[in-house]
*Asks:* 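Supplied in structure tokens, the structure appears directly below.
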Amino acid sequence: MVTPSENTPAKFYATTPIYYVNAKPHLGHAYTTIISDALARWHRLIGDDVHFLTGTDEHGLKIQQAADAAGLAPQAFADSIAPLFAEAWAKLNISHDDFIRTTEQRHRVGVQKLLQACYDNGDIELDTYSGLYCVACEAYFTEDDLVEGNCPIHKKPVEHVEEENYFFRLSRYGDRLLQWYRDHPNSIVPDYRMNEVIGFIKQGLLDFSISRNSFSWGIELPWDSKHIAYVWFDALANYITAIGYGTDDEMFNSHWPVDYHLIGKDIIRFHCVYWPAMLMSAGLEPPKGWAVGGWLLVGGEKMSKTTGNVVNPLDLVDDIGLDGFRYYVLAETPYGADGDFTYEGLIGRYNSDLANNLGNLLSRVSTVVGKKCNGMSPAPQSDSPLALPAAEAVRETMARWADVQPSRALEATWQLIRATNAYLENNEPWKAEPGPALDAVMGDALEALRIVCILASPAIPETAQTIWERIGMPGQITDQRLPLAVAWGGYPGGIAIDKGEPLFPRRKLTEN
Ligand code: MSP
């Protein structure tokens, strides 16, 4: 057995929800995926052995109905939509290591193994379900859950269903879950979401149906092929089937338990109550962590096909640029809270943080070095006044990424940009004569920019690499490792600076 040592990188396994293939990728999907991507990139930067998973949720009644409406068989329908997610993630520079589709064989094998393990443990039993169901949520509701007789999320009528189902005995897990959360008080971030989960468990847990027999688009139960697995039982299992549960024990053991499931607040009960109970039943460890995000609202409503207020993220990329869009998603809203997407907000954030701060710093530095240092960069001073703000920015940025608070991490990184712009304004190198004093200021600014590039790279990977190259740094920024790479003094100086085109030209609000 290998014992972890100081030289063995920590493993970091993170997941996005898997997205239903009834709708094309929209801004809401992009939101959670970009946050997860930046977190995965951050962990690569600090040297962790990262595995980052995303994918698509392809079974269940909702997909079957969407396929029927499109006049396609469910598999053909899923095959037509799943690649749109893969393409969107490629365009958004998402660095996932794996993309699972729940119609894959590896998933089927793993889901059946999980079902069998819970069944063998005596937690799955046949019963009759009679109650309410929302197909858009793929969730069961009680009368009390409804708002004016409708689904509280989709505001649409629910269906009455009555069928013989297999039930998972969730009611047996209340005490075990409460004890587990007492033992792992920091497992849900932001911490206020933990109260919601505990409150829900304390209300008393009801058994839930884990099979359906009135339609066939799903994975058969291994002991009763008349039934297919309930889509949420199937979907949650993706987090283990993708890493080899049922097909590759070694891989599974090296990744599980997951470090963070990144999810939206709408699916917290499934992830923080049902899922750990299912895992306990199967003799597996619960996740180490959940990072629960709010909704990105459009006109005050959650974006969804059902609500009809869908914004295509790729249109925004065409408009504001890839990193302009990624930065907005990461910086605008504290993770956990709801955010309101507005076009004005997108442009405003771009102009203030990217054009006026980062872009301006780069253009000032490259212009002055071009004009007054013959285009060759000076080296930083070891006792630079910027060394302290740089160290503070590094410390704070690291702490905020560790809390899964990208907006605060970026705010900390941007403090160093502001400090460097202020340092230039105080010293006015554009007015100074060439010479050692000017060189010292410019070397310091270049070093600060080098550190900013590394710290900002998980959020704006493409731009960070471009700036890296313009200031003459060799290789890939993704090969840099914290904390060594961001220690003050790493910029060598004596290299040619490439002025290039402005990276973030200011934008005007158009009539969009
Ligand atoms: N397939 C299930 C998840 C199964 S995970 C085992 C599902 N899919 S979904 O496509 O409807 O949405 C998945 C997630 O996308 C949401 O829970 C949320 O994380 C994210 N978002 C979808 N719309 C969103 C917003 N408008 N805002 C922020 N996140 C949103 O539920």
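Treat the numbers as computed from the prediction; the structure is a model and nothing was measured. One-based numbering, in listed order, for ligands and for the atoms of each.
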*Asks:* What are the atoms of ligand 1, with element, lying closer than 4.0 Å to any heavy atom of I267?
*Replies:* 17 (O), 31 (O)
*Asks:* Of A23, G264, C137, which has the heavy atom at the shortest distance from atom 19 (O) of ligand 1?
*Replies:* G264
*Asks:* State which residue, out of D49, D48, D259, fulfils the salt bridge (charged side-chain N to carboxylate O under 4.0 Å, His left out) condition with K11.
*Replies:* D259
*Asks:* Using the rule ring pair (Phe, Tyr, Trp, His ring centres under 6.0 Å), only one of Y274, F270, F167, Y133 pairs with F208; which is it?
*Replies:* Y274
*Asks:* In terms of heavy-atom contacts, does CD of E285 have more than 12 from other residues, nucleotides or ligands at under 6.0 Å?
*Replies:* no
*Asks:* Number the atoms of ligand 1 from 1 as they appear, then name those within less than 4.0 Å of a heavy atom of G294, with their elements.
*Replies:* 28 (C)
*Asks:* Evaluate the ring planes of Y239 and H261, with Trp represented by its six-membered ring, and classify them as parallel (under 30°), tilted (30 to 60°) or perpendicular (over 60°).
*Replies:* tilted
*Asks:* Any non-hydrogen atom of E138 lying under 4.0 Å from ligand 1?
*Replies:* no
*Asks:* Take atom CD in E250; do more than 12 heavy atoms of anything else shown fall under 6.0 Å from it?
*Replies:* no
*Asks:* Atoms of ligand 1 less than 4.0 Å from Y19 heavy atoms?
*Replies:* 10 (O), 13 (C), 14 (C), 15 (O)
*Asks:* Do E163 and N165 have a side chain donor and acceptor closer than 3.5 Å?
*Replies:* yes
*Asks:* Has K265 got any heavy atom lying under 4.0 angstrom from an atom of ligand 1?
*Replies:* no
*Asks:* Should the pair F85 and Y19 be assigned to parallel (<30°), tilted (30 to 60°) or perpendicular (>60°) ring geometry?
*Replies:* parallel
*Asks:* Indicate yes or no: does R108 engage E220 in a salt bridge with an N to O separation below 4.0 Å.
*Replies:* yes
*Asks:* Quick one: which ligand 1 atoms are inside 4.0 Å of a heavy atom on Y31?
*Replies:* 28 (C)
*Asks:* Look at ligand 1 and say whether W232 reaches it with a heavy atom at a distance under 4.0 Å.
*Replies:* yes
*Asks:* Taking heavy atoms and a distance under 4.0 Å, where does Y239 meet ligand 1: side chain, backbone, both or neither?
*Replies:* side chain
*Asks:* So which bit of L296 gets within less than 4.0 Å of ligand 1, heavy atoms only: side chain, backbone, both or neither?
*Replies:* both
*Asks:* Can you confirm whether or not the ring centre of F168 sits under 6.0 Å from the ring centre of W232?
*Replies:* no
*Asks:* Could you tell me whether the side chains of Q179 and R176 share a donor-acceptor contact shorter than 3.5 Å?
*Replies:* no
*Asks:* Which atoms of ligand 1 are found less than 4.0 Å from any heavy atom of D57?
*Replies:* 1 (N), 2 (C), 4 (C)
*Asks:* Enumerate the atoms of ligand 1 whose separation from the nearest heavy atom of H29 is less than 4.0 angstrom.
*Replies:* 10 (O)
*Asks:* Please could you name the atoms of ligand 1 that A235 approaches to less than 4.0 Å, counting only its heavy atoms?
*Replies:* 6 (C)
*Asks:* Name the option, out of I18, T15, T333, that contains the heavy atom nearest to atom 4 (C) of ligand 1.
*Replies:* I18
*Asks:* Taking only heavy atoms of I263 into account, list the atoms of ligand 1 that are under 4.0 Å away from them.
*Replies:* 19 (O)
